[in-house]
Amino acid sequence: MARIFITGSADGLGQLAATSLIEQGHKVVLHARNAERGRDAIKKNPRAESVLTGDLSNIEETKNLAREANRLGAFDAVIHNAGVYQASSKEVFAVNTLAPYVLTCLMQKPKRLIYMTSGMHLQGRSKLDNFKTDINRITYADSKLHVMTLCMAVARKWKDVYSNAVDPGWVATKMGGRGAPDNLQKGYETQVWLAVSNDERAKVSGHYFFHQKERNHNTEADDALLQERFLNLCKEITGISFPHA
């Protein structure tokens with residue numbers, strides 16, 4: 001039995017992943033943006049261990065969320081599921097780019113890290129020069145390339161952790177819309193599999209998956225110098241250093 005923390009698990013793919021893991025007998029800690037959403041999360045998954053709250057668009061709340069998670073003890077896996085799509089560039093950057101960085105740095109190191117990205121990251125650009133000058137130029141696709149970059153940096157630096165990224169596809173959630181064409185079940189199965197499976201195909205690091213199959217990703221994310229620059233910029237913005245061990 002594993003213990004998993006899932007960000008953004010009040011609804012959508014995060015909630016469905018939590019339900020699947022709980023049904024398999026695992027312990028799951030949920031996360032929601034605020035107390036009201038937290039109550040909704042527990043109603044949907046009443047057998048969850050607990051729910052933590054924190055607005056990931058706010059760096060201080062994200063730091064506090066990491067502290068609250070650490071008080072609960074170590075997790076076997078963390079699924080960085082939370083994300084925003086139709087939002088301002090400022091919110092997209094805070095939630096999609098900075099929050100996974102902050103939580104990765106401050107939470108106790110789990111055995112497995114799963115980062116939710118998107119096929120749109122293939123069209124993304126790092127735009128590191130805009131991090132401190134003009135984040136209004138940063139798009140959703142760019143933010144999902146940042147997630148890939150973080151995932152690959154973790155895989156390179158933390159050899160004792162399985163760090164992988166997942167494209168869930170375009171599925172019919174609140175974010176994806178009712179007309180989304182991809183399979184909803186397959187939209188959450190891969191992150192569940194990566195979080196707990198003993199399948200050797202899941203016990204890897206530095207890979208990008210779509211429906212439990214490896215896919216090619218934007219190779220910009222593999223550039224070690226770019227990764228270091230990305231981590232340093234995140235450190236300058238958040239005040240949090242990436243732990244090297």
Side-chain angles (χ1 to χ4, degrees), residues 2 4-9 11-21 23-24 26 77-86 92 95-97 99-101 104 110-126 139-156 161-223 226-227 230:
I4 303 103
F5 178 56
I6 308 174
T7 66
S9 42
D11 58 19
L13 293 175
Q15 178 233 313
L16 292 168
T19 301
S20 177
L21 287 161
E23 286 174 352
Q24 292 177 41
H26 300 291
V78 176
I79 302 176
H80 289 281
N81 169 81
V84 292
Y85 178 50
Q86 292 179 313
V92 165
V95 176
N96 297 3
T97 302
Y101 170 83
T104 299
K111 296 169 188 168
R112 305 185 188 203
L113 281 162
I114 299 98
Y115 296 91
M116 302 307 298
T117 182
S118 162
M120 289 177 69
H121 91 277
L122 294 164
Q123 286 80 50
R125 296 292 175 267
S126 294
T139 66
Y140 175 81
D142 299 335
S143 75
K144 289 303 178 179
L145 175 57
H146 300 154
V147 172
M148 281 295 311
T149 303
L150 175 61
C151 172
M152 296 304 170
V154 172
R156 178 172 61 86
V161 173
Y162 298 136
S163 174
N164 295 289
V166 175
D167 169 17
W170 181 14
V171 293
T173 60
K174 187 168 67 177
M175 183 185 285
R178 283 184 295 179
D182 285 340
N183 184 294
L184 184 60
Q185 185 172 339
K186 289 188 181 297
Y188 65 83
E189 281 182 339
T190 303
Q191 48 272 41
V192 167
W193 173 68
L194 286 169
V196 298
S197 178
N198 285 318
D199 184 339
E200 291 303 316
R201 294 177 304 131
K203 294 162 75 174
V204 295
S205 199
H207 295 258
Y208 168 60
F209 289 92
F210 175 75
H211 295 177
Q212 295 186 12
K213 290 185 173 61
E214 270 190 66
R215 285 279 182 92
N216 291 328
H217 59 272
N218 188 328
T219 55
E220 216 175 310
D222 298 326
D223 184 328
L226 188 143
Q227 289 171 10
F230 169 79

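Residue indices begin at 1 and follow the sequence shown. Computed from heavy atoms alone, side chains included, the values below leave out hydrogens, waters and symmetry copies.
- In terms of modelled atom types and a separation under 3.5 Å, the side chain of S20 and the main chain of A17 share no donor-acceptor contact.
- To the nearest 0.5 Å, atoms CZ (F230) and CG (D223) are separated by 13.0 Å.
- The line from CZ of F210 to OG1 of T117 is 12.5 Å long, rounded to the nearest 0.5 Å.
- A donor atom on one side chain and an acceptor atom on the other are not found under 3.5 Å apart for T219 and D222.
- The backbone N or O of M116 sits less than 3.5 Å from a side-chain atom of K144, completing a donor-acceptor pair.
- Across C151 and N164, no two heavy atoms sit closer than the pair SG-C, 3.3 Å.
- Among all heavy-atom pairs drawn from S126 and H146, the shortest one is O-NE2, 2.8 Å.
- Between H80 and Y115, the two ring planes are parallel [angle under 30°; tilted spans 30° to 60°].
- Annotation for T139 and V92: closest pair O-CG1, 4.1 Å, computed over non-hydrogen atoms.
- Distance alone, capped at 3.5 Å, places no donor-acceptor pair between the Q191 side chain and the I79 backbone.
- Rounding to the nearest 0.5 Å gives a distance of 8.0 Å between OG1 of T19 and OH of Y188.
- Although no hydrogens or angles enter the test, the distance criterion places no donor-acceptor pair under 3.5 Å between the side chain of S163 and the main chain of L113.
- Scanning all heavy atoms of the two residues, the minimum distance from L194 to A202 falls at CD2-O, 3.8 Å.
- H217 contributes atom NE2, which lies 3.5 Å from atom CE of M152 (distance to the nearest 0.5 angstrom).
- By the 4.5 Å heavy-atom criterion applied to side chains, E214 and F209 are counted as neighbours.
- At least one side-chain heavy atom of M120 sits under 4.5 Å from a side-chain heavy atom of Y140.
- N218 places no side-chain N or O within 3.5 Å of a backbone atom of L145 that could act as its donor or acceptor partner.
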Quiz prompt | Criterion side chain to side chain contact (heavy atoms under 4.5 Å, CB included) on V161 and K111, from CA distance to verdict | solution = CA-CA 5 Å; V161 173; K111 296 169 188 168; over 6 Å; no
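- Looking at every heavy atom in both residues, G8 comes nearest to N81 through O-ND2, 2.8 Å.
- Panel note: side chain S118, backbone D167; no donor-acceptor pair is recorded below 3.5 Å.
- A ring-centre distance under 6.0 Å is found for H121 and Y208.
- When all heavy atoms are compared, the tightest approach of M148 to A165 is SD-CB, 3.4 Å.
- Using a distance-only test at 3.5 Å, with no hydrogens or angles considered, a donor-acceptor pair links the side chain of D142 to the main chain of R125.
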Quiz item: Under the side chain to side chain contact (heavy atoms under 4.5 Å, CB included) criterion, do V78 and I4 qualify, and how do the steps go?
Solution: CA-CA 6 Å; V78 176; I4 303 103; over 6 Å; no
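- A donor-acceptor pair under 3.5 Å is absent between the side-chain atoms of H26 and the main chain of L21, judged by distance alone.
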